[in-house]
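What follows is a single structure, written as structure tokens, with notes after it.
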Amino acid sequence: MSARPPAYDISLRRLGPEHWAQWRLLRLAALSEAPYAFGSTLAEWQGAGEQRWRERLSDVPLNLVANLGDHPVGLASATTPERGEAELISMWACPEARGRGVGDALIAGVMGWAWGQGASSVGLDVRAANHRAIALYERNGFVDVGPATEEGGPYPERRMARPVRRPA
Ligand SMILES: CC(C)(COP(=O)(O)OP(=O)(O)OC[C@H]1O[C@@H](n2cnc3c(N)ncnc32)[C@H](O)[C@@H]1OP(=O)(O)O)[C@@H](O)C(=O)NCCC(=O)NCCS
């Protein structure tokens with residue numbers, strides 16, 4: 001009999017431009033810890049000022065922080081749906097919080113928001129070598145739909161997508 005994973009105290013908080021300093025802290029930690037995972041780089045963002053962070057948080061409509069207990073441990077964003085598809089970006093859980101369902105919770109938050117936006121699917125690009133992220137997405141119902149459409153630089157990327165259904 002396989003053991004049921006423990007339920008951790010994970011909650012999501014939606015951030016707006018006024019929360020730019022908290023977003024900056026987590027996003028710089030993500031770019032520093034997992035440079036292999038993102039199109040953006042730490043060099044592009046570490047000198048960014050308040051205005052640029054605020055613009056990032058207003059240009060992208062959904063910005064979620066995951067808390068484990070009282071501690072912010074992860075983030076994810078989603079873009080305005082285009083032709084029915086929203087884009088999941090900026091997914092990260094800090095190493096100390098991994099293996100507890102933080103990514104699952106962030107994806108659930110994005111899918112619920114996408115439903116409210118009337119999106120029919122959520123898509124994402126992921127580096128082909130990022131097996132842990134691909135496993136997270138597959139576990140959450142995303143399927144590989146081919147090579148990424150955006151030019152991802154020197155690293156091959158895959159496109160994954162999942163239909164949006166009414167939240168349970
Ligand atoms: C991708 C990433 C967000 C996944 O982190 P995560 O949410 O902790 O998910 P993980 O896959 O590491 O952990 C899930 C594992 O914990 C297990 N687990 C234990 N308790 C759990 C619980 N209560 N709920 C859910 N899963 C639980 C799951 O069963 C799973 O185990 P498995 O891998 O053996 O199937 C994280 O690795 C990360 O931030 N990586 C760097 C950035 C990155 O790659 N971002 C993606 C860009 S496209």
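As the structure lists them, so they are numbered: ligands from 1, and atoms in each ligand from 1.
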Sub-4.0 Å protein heavy atom near [atom]:
{"atom": "atom 20 (N) of ligand 1", "result": "yes"}
{"atom": "atom 34 (O) of ligand 1", "result": "no"}
{"atom": "atom 13 (O) of ligand 1", "result": "yes"}
{"atom": "atom 29 (O) of ligand 1", "result": "no"}
{"atom": "atom 41 (C) of ligand 1", "result": "yes"}

Once you restrict to heavy atoms under 4.0 Å, what part of [X] touches ligand 1? Side chain, backbone, both or neither.
{"X": "Ala133", "value": "both"}
{"X": "Arg139", "value": "side chain"}
{"X": "Asn130", "value": "side chain"}

Could you identify the single nearest non-hydrogen protein atom to [atom] and state the distance to 0.1 Å?
{"atom": "atom 24 (N) of ligand 1", "value": "Gly101 CA, 3.5 Å"}
{"atom": "atom 8 (O) of ligand 1", "value": "Gly99 N, 2.7 Å"}
{"atom": "atom 36 (C) of ligand 1", "value": "Arg98 NE, 3.3 Å"}
{"atom": "atom 2 (C) of ligand 1", "value": "Leu136 CD2, 4.2 Å"}
{"atom": "atom 45 (N) of ligand 1", "value": "Met91 O, 2.8 Å"}
{"atom": "atom 23 (N) of ligand 1", "value": "Pro6 O, 2.6 Å"}
{"atom": "atom 43 (C) of ligand 1", "value": "Ala37 CB, 3.5 Å"}

Report yes if the side chains of [X] and [Y] come closer than 4.5 Å at any heavy-atom pair, otherwise no.
{"X": "Leu106", "Y": "Leu12", "result": "yes"}
{"X": "Asp104", "Y": "Leu136", "result": "yes"}
{"X": "Ser120", "Y": "Arg83", "result": "no"}
{"X": "His19", "Y": "Arg13", "result": "yes"}
{"X": "Val60", "Y": "Ser77", "result": "yes"}
{"X": "Leu75", "Y": "Leu64", "result": "no"}
{"X": "Glu44", "Y": "Leu31", "result": "no"}
{"X": "Trp113", "Y": "Pro61", "result": "yes"}

Quick one: which ligand 1 atoms are inside 4.0 Å of a heavy atom on [X]?
{"X": "Tyr137", "answer": "46 (C), 47 (C), 48 (S)"}
{"X": "Tyr36", "answer": "41 (C)"}
{"X": "Asp104", "answer": "25 (C), 26 (N)"}
{"X": "Gly103", "answer": "7 (O)"}
{"X": "Trp92", "answer": "39 (O), 41 (C), 42 (C)"}
{"X": "Ala34", "answer": "41 (C), 42 (C)"}

Asn63 versus Arg56, side-chain donor and acceptor atoms under 3.5 Å: yes
Test item: side-chain donor near acceptor, Glu33 and Trp92, under 3.5 Å: yes
Glu87/Arg159 ion pair, N-O < 4.0 Å: yes
Co-membership, hydrophobic cluster, residues Tyr137 and Ile10, 4.5 Å side-chain: yes
Axial cation check for Trp20 ring with Arg27, 6.0 Å and 45° limits: no
Min N/O separation Asp125 to ligand 1 under 3.5 Å: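 In this structure, Asp125 places no N or O atom under 3.5 Å from an N or O of ligand 1.
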Contact check, Ala93 vs ligand 1, heavy-atom distance below 4.0 Å: yes
Glu82 atom CD, over 12 foreign heavy atoms within 6.0 Å: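 Counting other residues, nucleotides and ligands, CD of Glu82 stays at 12 neighbours or fewer.
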